[in-house]
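Inspection log for the structure reproduced underneath, given as structure tokens.
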Amino acid sequence: MVEKERDMGASLQDRALVASPPEPVPVSALTGNDPSRGFLIKPFRVSVDGFSPQLYYAASRALALRDAWWGYRNYREVTFKEWLRMARCWREDEIGDQFGAPITVCGKPAFFVTHNNQYVQFSRPGGTEYFNAHPFDVEPAEFRPWTYRRDSDAVLARRPEGAEPRSGGSAGPQGIARKDQP
């Protein structure tokens, strides 16, 4: 009887080796962020009757429409079905030479999307979303907004001769005209 239990135990161990557990699924397969897939973000223009076309960066046309719908809902509450009847979406071809260029953000590889003169928008390799980074975290420096480049410090310090103030005249705090000015 002991021999029979030993044989039975051995066969269970053999079966365990044959029927091994499945391989764990990598996190990148669950999130869609696979670094080997490269740069996935594309520029799209979305327009709605009564509004000018707006630029959206997304991995697909559907995601661009979704992002535009979220923004439009701040103006007027509509269902997504109604939104799809009103909206038009197309790929933007003229986006610039730097779009999609490889950069480093905080020492890690990334792709340049755009900048808004304050932050640099970037996407990680294989990522379907983009993030903001402080310009000094981005290398090389030519992908930073010009106000954050070291060579622009001298330009910021002085206004070109003959240039008018931005308000078009002499204005005091918060753009209020001074009383001594006509």
Side-chain angles (χ1 to χ4, degrees), residues 27-106 108-149 151-152 155-156 159-160 163-169 171 174-177:
V27 174
S28 63
L30 300 174
T31 61
N33 294 340
D34 182 6
S36 66
R37 293 172 62 194
F39 184 61
L40 302 177
I41 304 292
K42 301 169 202 75
F44 292 94
R45 290 267 179 203
V46 179
S47 71
V48 180
D49 294 336
F51 295 94
S52 61
Q54 297 297 312
L55 185 62
Y56 289 89
Y57 297 101
S60 67
R61 180 180 179 274
L63 292 175
L65 282 167
R66 178 204 63 186
D67 293 345
W69 174 59
W70 283 348
Y72 186 81
R73 286 181 42 202
N74 292 328
Y75 168 70
R76 193 178 100 195
E77 188 67 33
V78 295
T79 65
F80 192 65
K81 184 176 182 178
E82 293 170 337
W83 168 254
L84 289 176
R85 289 185 190 136
M86 298 185 319
R88 301 291 173 255
C89 183
W90 64 92
R91 282 284 300 270
E92 178 64 41
D93 294 330
E94 298 175 19
I95 199 64
D97 297 336
Q98 292 183 328
F99 181 77
I103 60 173
T104 58
V105 178
C106 296
K108 295 181 181 177
F111 293 102
F112 180 81
V113 176
T114 187
H115 67 77
N116 61 4
N117 290 328
Q118 181 175 1
Y119 294 106
V120 174
Q121 281 87 29
F122 69 96
S123 176
R124 293 287 182 201
T128 57
E129 57 277 326
Y130 62 96
F131 308 98
N132 289 330
H134 191 278
F136 287 133
D137 292 334
V138 175
E139 292 293 334
E142 61 260 16
F143 290 95
R144 299 174 186 160
W146 71 273
T147 54
Y148 285 93
R149 295 183 193 163
D151 58 352
S152 67
V155 175
L156 288 175
R159 182 184 310 149
E164 290 291 323
R166 287 189 179 180
S167 64
Q174 289 114 13
I176 301 170

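From a predicted model like this one, the values you see are computed outputs, not experimental measurements.
- Rounded to the nearest 0.5 Å, atoms CZ (Phe112) and CG (Asp97) are 11.0 Å apart.
- The closest side-chain heavy-atom distance from Leu84 to Lys81 is not below 4.5 Å.
- Counting heavy atoms from C-beta on, the side chains of Arg124 and Val105 come closer than 4.5 Å.
- Applying the side-chain contact (heavy atoms from CB on, under 4.5 Å) criterion to Asn74, with sequence neighbours excluded, gives no partner residue.
- In this structure Arg76 satisfies the side-chain contact (heavy atoms from CB on, under 4.5 Å) test together with Tyr72, Val78, Met86, sequence neighbours excluded.
- Within a 6.0 Å radius of CZ in Phe99, other residues, nucleotides and ligands contribute more than 12 heavy atoms.
- Across all their heavy atoms, Ser123 and Glu129 have their closest contact at OG-O, 3.4 Å.
- Considering every non-hydrogen atom in both Phe39 and Val113, the closest pair reads CE1-CG2, 4.2 Å.
- When side chains are defined from C-beta on, Phe111 does not count as touching Ile103, because their heavy atoms never get closer than 4.5 Å.
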Indicate every side-chain donor-acceptor pair of residues 44-59 with a distance under 3.5 Å to a residue at least two apart or in another chain.
| residue | atom | partner | partner atom | Å |
| --- | --- | --- | --- | --- |
| Arg45 | NE | Glu92 | OE1 | 2.8 |
| Ser52 | OG | Gln54 | NE2 | 3.3 |
| Gln54 | NE2 | Ser52 | O | 3.4 |

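- Side chain of Trp83 to backbone of Leu65: a donor-acceptor contact under 3.5 angstrom is found.
- Applying the salt bridge (Lys or Arg N to Asp or Glu O under 4.0 Å) rule to Glu94 yields no partners; only residues at least two apart in sequence or on another chain are considered.
- Going from atom CD of Gln118 over to atom OH of Tyr148 covers 5.5 Å, rounded to the nearest 0.5 Å.
- The two residues Arg66 and Phe80 come nearest to each other via the heavy atoms CA-CE1, 4.2 Å.
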Could you pull out all donor-acceptor pairs under 3.5 Å where a side-chain atom in residues 132-140 meets a protein atom, sequence neighbours excluded?
| residue | atom | partner | partner atom | Å |
| --- | --- | --- | --- | --- |
| Asn132 | OD1 | Gln121 | NE2 | 2.8 |
| His134 | ND1 | Phe136 | N | 3.1 |
| Glu139 | OE2 | Arg144 | NH2 | 2.7 |

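- At least one side-chain heavy atom of Asn117 sits under 4.5 Å from a side-chain heavy atom of His115.
- Arg91 pairs by the salt bridge (Lys or Arg N to Asp or Glu O under 4.0 Å) definition with nothing, not counting sequence neighbours.
- Nearest heavy atom pair, residue Pro109 against residue Pro125, reads O-CD, 3.3 Å.
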